[in-house]
Amino acid sequence: MPKILDGAAIAAQIKQEVAEEVKRLADQGVRPGLAAVLVGHVPASEIYVRNKVQTCAELGLFSELITPPDTVTTEDLFDLVSSLNSRDDIDGILIQLPLPKHVDAKFLLDAVSPAKDVDGFHPINAGRLQAGRPALAPCTPAGVIEILKRSGIPISGQNAVVVGRSDIVGKPAAMLLLHENATVTICHSKTRDLAEVTRQADILVAAIGRPGFITPEMVKPGAVIIDVGINRIDTREDFDRFFAGNAKREAAFAKRGSVIVGDVHPAAFEVSSAYTPVPGGVGLLTIAMLMSNTVRAAKMRRGL
Ligand code: GUN
């Protein structure tokens, strides 16, 4: 039976550590603060951002939620970011993605001060990460590393295969794994003989954004699987493809009309020695790492 890597337990551990650090900083008169910018009404984003703001409160961080309408211009958002950059009570700035189509997202993300870029999306921070300098690393990839380390899974010398090359997950995850001395391969939609490559993985990171894309024959028996995907499926056909005969999921599907599946087909987990479930795996680490990055930014900015 493969081991389930419990994201909730690891996230709780990290949040506990962050809360303790926040207490220590309070003794020095410092309260880390996060500004979350949520543009318009994207239901999934609203849930994510609400969780981020709530977690700040739980851990003792200051937070401010700013919710411009979806008619807001790039210029107005730029002015907002500029004012947040110059505020001393704000250590982290988070611009929730996706932004409306008419907004120039890259321009805005580049406008965030690298010192307050708690998402780790600024090219300066991407460059620092690449160069092996202390940086604010993107939260989800940082969470992947925390899960591996805190579960006692060796990384050094292992073959790590990352499927997906996004700037937010795939590329930084590969870089972090490389810094941990893994032998890293990045695969993507143009990779030839993909299954041949993924079968070399001791650690397989799935970050493609396609439901159940990794199938059992793509996994080396005994590999560790980290499933970064969060995909909602709402048709009976898709449901049966992934969860036929699973009573618990069946009940959830009947109740809500949809269920969440990762980028890994549930049958593929059975080939592994350990895996992160979806939900309940990597997703829970993202917010914990955002909190950790915000505290880190607060300390770095003050030279602590
Ligand atoms: N949208 C989906 N994931 C993320 C994330 O990690 N950060 C931000 N800012 N937006 C997101």
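Scope of the values below: all heavy atoms of this structure, side chains included, with no hydrogens, waters or symmetry mates. Counting starts at 1 for both ligands and their atoms, following the listed order. This is a predicted model, so every value here is computed, not measured.
The nearest protein atom to atom 8 (C) of ligand 1, hydrogens excluded, is given as Asp119 OD2, 3.4 Å; this is a heavy-atom distance. Nearest to atom 4 (C) of ligand 1 among the protein's heavy atoms is Gln96 NE2, 4.1 Å. Scanning the protein heavy atoms around atom 10 (N) of ligand 1, the nearest turns out to be Leu97 N, 3.0 Å.
Between Phe253 and Phe243, the distance from one ring center to the other does not fall under 6.0 angstrom.
For Tyr48, no heavy-atom contact with ligand 1 is shorter than 4.0 Å. When heavy-atom distances to ligand 1 are checked against a 4.0 Å cut-off, Ile95 comes that close only through its backbone atoms N, CA, C and O.
Shortest non-hydrogen contact noted between Ala201 and Ala223 is O-CB, 3.4 Å.
Considering backbone and side-chain N/O of Thr140, none are found under 3.5 Å from N/O of ligand 1.
At a cut-off of 3.5 Å, with distance as the only test, a side-chain donor of Gln16 or Glu20 sits close to an acceptor on the other residue. A donor and an acceptor atom, one from each side chain of Lys52 and Gln96, are located under 3.5 Å apart. Under the 3.5 Å distance criterion, with hydrogens and angles disregarded, no donor-acceptor pair is assigned to the side chains of Thr235 and Glu237.
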